[in-house]
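Let me begin by presenting the structure, written as structure tokens, before commenting on it.
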2 protein chains.
Amino acid sequence: MRKVFLFMDTICNKVDGKGRVSLPSDYRSIVKDLSSEIVCYRSLSLPCIEGCLEETLDKLAADIENSTDFFSEAQDNLTNLVFGDAKRFPFDSTGRIMLSEKLLKHAQITNEAVFVGKGRKFQIWNPENWAKEEARIRADALKNRPSLRSKENE
Amino acid sequence: MRKVFLFMDTICNKVDGKGRVSLPSDYRSIVKDLSSEIVCYRSLSLPCIEGCLEETLDKLAADIENSTDFFSEAQDNLTNLVFGDAKRFPFDSTGRIMLSEKLLKHAQITNEAVFVGKGRKFQIWNPENWAKEEARIRADALKNRPSLRSKENE
DNA sequence: TAAAATCCCATGTTATACCATATGTATTGT
DNA sequence: ACAATACATATGGTATAACATGGGATTTTA
């Protein structure tokens, strides 16, 4: 039994005419032990799709049940929004899923989909949008963390 | 009970046409008990590859797996980028990994790769770049800590 | 019954597992 | 102390398996 599981790497796969995409095999192997489906939903703040294990959402649900912190209430509401949007996507024996029109539209995905690992979850982007987003994050990081360079070799 | 493990020493190995390199055996023995793979990603600030155990990154992921942070934008973007950049590199029975084109290019590695231990993680450098970097680090150390000078000639 | 979703097979490409050889280091025996 | 041997590691080459992807057949649904 393996308790370390992380969605990593950035992989670009094709979306065919039927809306089918291969889920990267690394991602599949994370899920395989447990089931043969992942959960996807529209990102709350970005033009991309987010995906994770059902197990992960279950953990969040448990969190909310036990939550007594009023400050986290706003975030809990967001989490509940996700439950309303999320849907299971089973993948077939060749490892492909069929994303819904709603999700594809939200992320402006047509021919190609970029899978971006985010640890316990991952995102699916339109290639051009992801390129911009990545550039934005890197620029931000350098601006806000000038100390980065000196920290590197401590 | 915590396991003791440190990546140490500096070792130069050859990179063949396919991008294959032997992971130094010392490094392998550290990982072996747990699994047979390491995680590598581009250094955020230096022209080198960084490597560590998946466990190390898993700690980052576990920290933000709660109902307050999971869908929050406040998530450290930089930390998040690492997951998208990182990838598992399993090594075979002969102890080799196959570095990706992206990583090799970032570190300007062609024929040879220098593995540099950094404790919980390690770096992989182009030999010439590492020589310069090491000189720079040593010069810095002497400048900032004059007391080291006297030890130099012992 | 038409349209859509699911399943299954075929293919080119690429990564992976495996075997073989070389190189270097430690060990043993005389 | 030296040579001979055994051992571990690094490296080169190749066969095999896995993957992404296209196309078609079968089942489901509206």
Side-chain angles (χ1 to χ4, degrees), chain A residues 7-33 35-40 49 51 87-105 109-117 122 124-127 130, chain B residues 7-33 35-41 49 51 54 86-105 109-117 122 124-127:
Chain A
F7 293 105
M8 294 190 282
D9 206 359
T10 298
I11 287 140
C12 184
N13 282 344
K14 291 197 175 152
V15 181
D16 70 12
K18 303 177 189 173
R20 295 185 299 182
V21 217
S22 285
L23 195 66
S25 75
D26 276 3
Y27 290 17
R28 257 148 46 204
S29 64
I30 289 172
V31 187
K32 241 170 213 167
D33 308 328
S35 72
S36 64
E37 57 188 28
I38 51 156
V39 173
C40 290
I49 302 165
K87 182 169 156 30
R88 292 187 196 92
F89 290 88
F91 47 87
D92 62 26
S93 58
T94 62
R96 278 184 290 200
I97 55 172
M98 222 186 93
L99 294 167
S100 67
E101 198 51 51
K102 182 178 79 176
L103 293 180
L104 291 172
K105 193 180 167 192
I109 292 171
T110 54
N111 299 322
E112 290 183 312
V114 178
F115 292 78
V116 183
F122 60 90
I124 314 177
W125 288 79
N126 162 301
W130 169 244
Chain B
F7 292 108
M8 294 190 280
D9 206 358
T10 299
I11 284 138
C12 184
N13 282 343
K14 289 197 176 154
V15 181
D16 71 11
K18 302 176 192 168
R20 293 188 301 183
V21 218
S22 285
L23 195 67
S25 75
D26 277 2
Y27 290 19
R28 255 144 53 200
S29 62
I30 288 172
V31 186
K32 238 169 216 165
D33 306 328
S35 72
S36 64
E37 60 189 26
I38 50 153
V39 171
C40 291
Y41 52 91
I49 301 166
E54 185 167 0
K87 182 169 161 29
R88 275 192 282 272
F89 290 89
F91 47 87
D92 60 25
S93 56
T94 63
R96 274 185 295 196
I97 56 173
M98 213 182 103
L99 294 169
S100 67
E101 196 53 49
K102 183 178 78 177
L103 293 180
L104 292 172
K105 193 180 167 194
I109 292 170
T110 53
N111 299 322
E112 290 183 312
V114 178
F115 291 78
V116 184
F122 60 88
I124 313 177
W125 288 79
N126 162 301

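Note on naming: letters A, B, ... go to the chains in the order of the sequence lines (proteins, then strands), and numbering restarts at 1 for each one.
- Closest to the side chain of B:K18, from the set C:dC8, D:dT9, C:dT16, is C:dT16.
- Taking the side chain of B:D92 as heavy atoms from C-beta on, and the options C:dT6, C:dA17, D:dT14, the nearest nucleotide is C:dA17.
- Rounded to an integer number of Å, the gap from CD1 of A:I97 to P of C:dA4 is 20 Å.
- Contact between B:L104 and B:G19 at its shortest, heavy atoms only, is CD1-CA, 4.1 Å.
- Proximity note for B:S25 (side chain, C-beta onward) versus D:dA20, C:dC9, D:dT9: the nearest is D:dT9.
- For the helix from C:dT1-D:dA30 to C:dT30-D:dA1, the axis fitted to the five pairs at one end and the axis fitted to the five pairs at the other end meet at an angle of 40° (nearest 10 degrees).
- Atom CG in B:D9 sits about 13 Å away from atom P in C:dT25, given to the nearest Å.
- Closest to the side chain of A:P24, from the set C:dC18, D:dT11, D:dA20, is D:dA20.
- Looking at the side chain of B:R20, the nearest of the listed nucleotides D:dT14, D:dG23, D:dT11 is D:dT14.
- Counting all heavy atoms, side chain and backbone alike, B:R28 lies closest to B:F91 at CG-CE1, 3.5 Å.
- Comparing D:dG22, D:dA20, D:dG12 by their nearest atom to the side chain of B:D16 picks out D:dG12.
- Listed nucleotides D:dT14, D:dT11, C:dA5 differ in distance to A:M98; the shortest reach to its side chain belongs to C:dA5.
- Nucleotide D:dA10 holds its P atom 7 Å from the CD1 atom of B:I11, rounded to whole Å.
- If you measure from atom CZ of B:R88 to atom C1' of D:dC19, you get 16 Å, rounded to the nearest angstrom.
- Judged by distance alone with a 3.5 Å cut-off, no donor-acceptor contact links the side chain of B:K14 to the base of D:dT9.
- For B:R28, a side-chain nitrogen or oxygen approaches OP1 or OP2 of D:dA10 to under 4.0 Å.
- Between B:D26 atom CG and D:dA10 atom C1' the separation is 14 Å, expressed in whole Å.
- Note: CG (A:N13) to C1' (C:dT13) measures 14 Å, nearest angstrom.
- Each of B:D9, B:I49, B:V116, B:L23 was scored for a side chain to side chain contact (heavy atoms under 4.5 Å, CB included) with B:F122, with one residue passing: B:L23.
- Neither OP1 nor OP2 of C:dA17 sits under 4.0 Å from any side-chain N or O of B:S93.
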